[in-house]
Amino acid sequence: MELAKGLNPQQKQAMTAGLGPILVMAGPGSGKTRVLTQRIAYLISHMGVRPYNILAVTFTNKASKQMGERVNEILDGETRGLSLGTFHAICARILRRESEVLPFDNNFVIFDADDQRGLVKSAIKEMNLDDKAYRPHSVHNSISRAKNELILPDDFPINTYRDEVVQRIFVRYQELLLNSNALDFDDLLLWTAQLLEEHPVVREKYARRFEHVLVDEFQDTNMAQYILLKHLAGHHRNIFVVGDIDQSIYRWRGADYRNIMRFEQDFPNAQTILLEQNYRSTQNILDAAMAVIDKNAHRKRKELFTDRGKGDKLVLQETFDGREESTYIVDTIAKQVLKGRQPGDFAVMYRTNAQSRLLEEAFMRAGLPYKLVGAQRFYGRREIKDILAYLRLVHNPGDEVSFSRVINTPRRKIGNKAIQALRTVSINEKKSVSEVLLDLAGGDQSEYYGAFSTAQARAFSSFGKLLRNWRTEAEELKPLALIDRILNDIDYQSFLDDGTEEGIERWENVMELRRLAAEYEQRSLIEFLEEVALVSDQDTVDSNANVPTLLTLHAAKGLEYPVVFISGLEDGTLPHIRSFDDPESMEEERRLLYVGITRAKDRLYLTHALNRSTYGFTEPTDPSRFLMDIPDELTEGSAPAGIRISSRQRKFQEQTTWGKNDASAPIIEPTYRAGQNVRHPTYGEGMVLNTKIDDGEEIVDVFFGEMGTNKRLIASFAKLEIIE
DNA sequence: GCATCGGATTTTTTT
DNA sequence: AATCCGATGC
């Protein structure tokens with residue numbers, strides 16, 4: 001087997017390194033995925049390690065799936081037992097298996113961000129606190145931060161009165177989770193780390209099993225993940241981590257690139273391997289990336305190089321506003337597709353999700369298909385959450401959040417009063433609401449029947465029967481069949497169908513969920529629910545569609561495209577205004593741009609708008625300060641990025657762009673058509689012969705009878721008047 | 001119990 | 001601009 005074929009010396013060194021800790025510092029496009037897969041293959045084929053004894057952790061399911069496929073290819077299918085997955089997925093698996101020693105059942109459900117916030121909110125409400133003073137979002141943030149640092153309520157650091165309150169909410173929040181037999185994302189890591197900490201037998205079991213641990217995107221691990229790794233690999237020290245400090249972009253969710261330094265301390269004598277050669281981008285792109293990232297303080301300089309040559313210059317494009325920016329991008333893509341580029345070669349990246357809307361509109365105006373990356377967009381929809389809540393409740397009746405969501409959706413005349421009454425019974429009986437509900441399925445045979453008004457008892461009873469049936473059926477039915485059963489029983493289609501376009505769209509989303517469930521014919525409901533809960537945005541990247549991709553800079557990490565647009569390069573957007581007062585955050589914004597730039601293989605467009613509207617208000621902007629760091633000789637285009645535009649200059653530009661914009665209106669739709677009669681101030685009356693769009697301008701050919709000549713005019717400059 | 005209206009609030013990034 | 005929340009009225 002020629003595993004080393006095509007590897008450079010450093011890659012080869014990483015692949016063939018012996019036992020013990022190994023730290024691979026991999027620049028963008030340096031083939032780190034390749035190194036990881038080859039390393040796994042090498043361990044199995046050359047070092048006699050059984051796949052069963054290898055654990056490889058990635059950041060997205062997509063990455064782990066891809067890695068699995070490649071290893072499988074190299075080894076011709078000899079990979080049975082290999083453990084591959086995201087931190088969260090692997091932890092979920094361990095927790096289900098070890099649930100006897102844990103305070104929850106192995107059929108626990110995973111609450112998504114929405115559920116988590118909702119739960120914090122109900123804790124706040126319960127405690128009679130003001131949810132204006134204690135914003136659920138921000139309280140949850142504090143709690144999540146703590147959990148990522150492995151801090152439990154008891155150890156929650158208290159400096160202010162607010163901390164004290166948050167601590168109490170934290171306590172209640174954890175109780176509510178356990179009451180529902182549910183875990184949040186952070187719990188998956190927290191409970192696993194704790195399990196390994198407190199149960200030496202379990203720890204040894206996994207440490208022994210995972211004789212070799214490999215970690216991708218190590219710079220984005222948080223404390224909980226780091227401790228987890230230490231528990232697993234602390235003894236045998238066969239830990240192979242790959243990372244790049246310059247691509248650390250998740251500090252805000254607890255990631256700490258200093259884990260790389262900790263690694264060097266905790267695993268002394270680690271072999272460090274540097275991968276600097278870039279196989280992705282042209283040198284101009286790499287030079288721009290380095291120019292941006294070099295401004296970060298306290299950083300070991302890396303020299304990114306390629307043998308691909310300088311390549312095209314980066315294109316800077318300034319536009320009047322976000323709408324014009326989007327039109328420019330779509331227009332440029334359309335033009336290049338006509339010249340033979342594949343639509344799938346393009347990606348448009350942006351700092352905030354809100355920016356995608358203008359882009360989507362521009363694509364739709366142009367009638368061109370595109371693909372938006374973002375799982376939350378889909379799984380966050382009401383109709384999808386409804387159906388998933390039904391499934392979750394069937395699987396785990398303890399799930400109070402799903403219960404609340406589902407109990408009166410579609411309307412079944414169970415209002416707040418009735419639910420309160422049910423809650424009272426459930427608390428008195430020390431049973432979950434669903435247990436009481438299931439009991440009520442027995443009609444007046446149920447001992448609780450009398451606790452309600454007749455109408456309430458009937459309503460509960462009939463819903464209880466449904467739930468009971470689904471639970472029985474769930475033992476046999478596959479996820480898809482169960483969904484169909486539920487959809488049918490609750491007549492969800494007519495519930496959604498309110499005669500509007502939106503209603504139809506919602507039903508189509510449900511059908512899309514069905515399609516996803518159909519892929520689980522061989523797997524169980526719990527697997528379906530778990531994967532759905534843990535999908536990452538990147539998992540929805542569809543590289544087969546051959547259409548341009550729209551995604552946030554965060555979602556772009558690890559991906560590459562021949563042509564990349566980074567839009568909204570303005571101070572306040574990138575760097576984002578919320579980072580202005582914190583130098584560390586500003587450095588992270590810079591890294592974000594660095595990640596974006598280094599996604600591009602051949603061509604890179606950097607665009608910024610002179611006016612941007614947020615919250616419905618339009619305001620003038622300054623070009624991103626990061627643009628100034630890119631040397632002029634690497635770029636071409638309208639915006640003098642090297643020079644900060646003075647406000648007087650900007651005013652002038654605003655005016656001229658305004659004028660241009662007024663006359664030509666939407667750039668891709670022609671204003672004139674052949675056969676029309678027009679009047680020109682100097683040439684007089686004439687007839688339009690032909691009109692076309694070029695470079696965002698409408699070009700009109702006109703025959704002027706009085707002059708006896710044909711003229712080719714740019715519509716936005718020539719003051720043509722249409723004569724009826 | 002449910003629909004409707006108006007005001008507040010939101011957007012940073014996500015497993 | 002769009003969504004969410006609570007109060008109000010039926």
What pair of heavy atoms forms the shortest contact from A:Val166 to A:Ser142, and how long is it? CG1-CB, 4.1 Å
Rounded interatomic separation in angstrom, taking CD1 from A:Ile249 and P from B:dT15: 11 Å
Want to settle it: does A:Gly415 or A:Arg135 sit nearer the 5' end of DNA chain B, counting the closest nucleotide to each? A:Gly415
Is A:Trp252 stacked on the base of B:dT13, with ring centres under 5.5 Å apart and planes under 30° apart? yes
Atom CE of A:Met586 to atom P of B:dT13: distance rounded to whole Å? 17 Å
Does a nitrogen or oxygen in the side chain of A:Arg411 sit under 4.0 Å from OP1 or OP2 of B:dA3? yes
Under the 6.0 Å and 45° cation-pi test, does A:Lys557 pair with A:Phe59? yes
Measure from the side chain of A:Ser536, starting at C-beta and using heavy atoms only, and say which of C:dG6, B:dT15, C:dA1 lies closest. B:dT15
Which nucleotide in the list B:dT10, B:dT13, B:dC2 gets nearest to the side chain of A:Thr552? B:dT13
Mind calculating the distance between NZ (A:Lys62) and C1' (B:dT15) to the nearest angstrom? 16 Å
Of the candidates B:dT11, C:dA2, C:dG6, the side chain of A:Arg357 sits closest to C:dA2
A:Asp256 CG to A:Asn148 CG distance, which is reported to the nearest 0.5 Å: 11.0 Å
To the nearest Å, give me how far apart CG (A:Asp220) and C1' (B:dT13) are. 11 Å
What's the CZ-C1' distance between A:Phe185 and B:dT15, to the nearest Å? 6 Å
5' priority, DNA chain B, between A:Asn408 and A:Thr60 [closest heavy atom]: A:Asn408
When rounded to whole Å, the CG to C1' distance for the pair A:Leu551 and B:dT14 reads 13 Å
What distance separates A:Leu150 CG from A:Leu189 CG, expressed to the nearest 0.5 Å? 8.5 Å
Is the phosphate of B:dT14, meaning OP1 or OP2, less than 4.0 Å from a side-chain N or O of A:Lys557? no
Closest to the A:His554 side chain, choosing from B:dT9, B:dT14, B:dT11: B:dT14
Hey, does the side chain of A:Lys147 come within less than 4.0 Å of B:dT15's phosphate (OP1/OP2), counting only N and O? no
In whole Å, I'd like the distance from the CG atom of A:Asp321 to the C1' atom of C:dA1. 15 Å
Taking the ring of A:Tyr173 and the ring of A:Phe170, is the distance between their centroids below 6.0 Å? no
Quick check on B:dT14: is either OP1 or OP2 less than 4.0 Å from any side-chain nitrogen or oxygen of A:Asn353? yes
In whole angstroms, the gap separating C1' of B:dT15 from CG of A:Leu95 amounts to 15 Å
Over all strands shown, is A:Lys132 touching base, sugar-phosphate only, or nothing at heavy-atom distances under 4.0 angstrom? sugar-phosphate
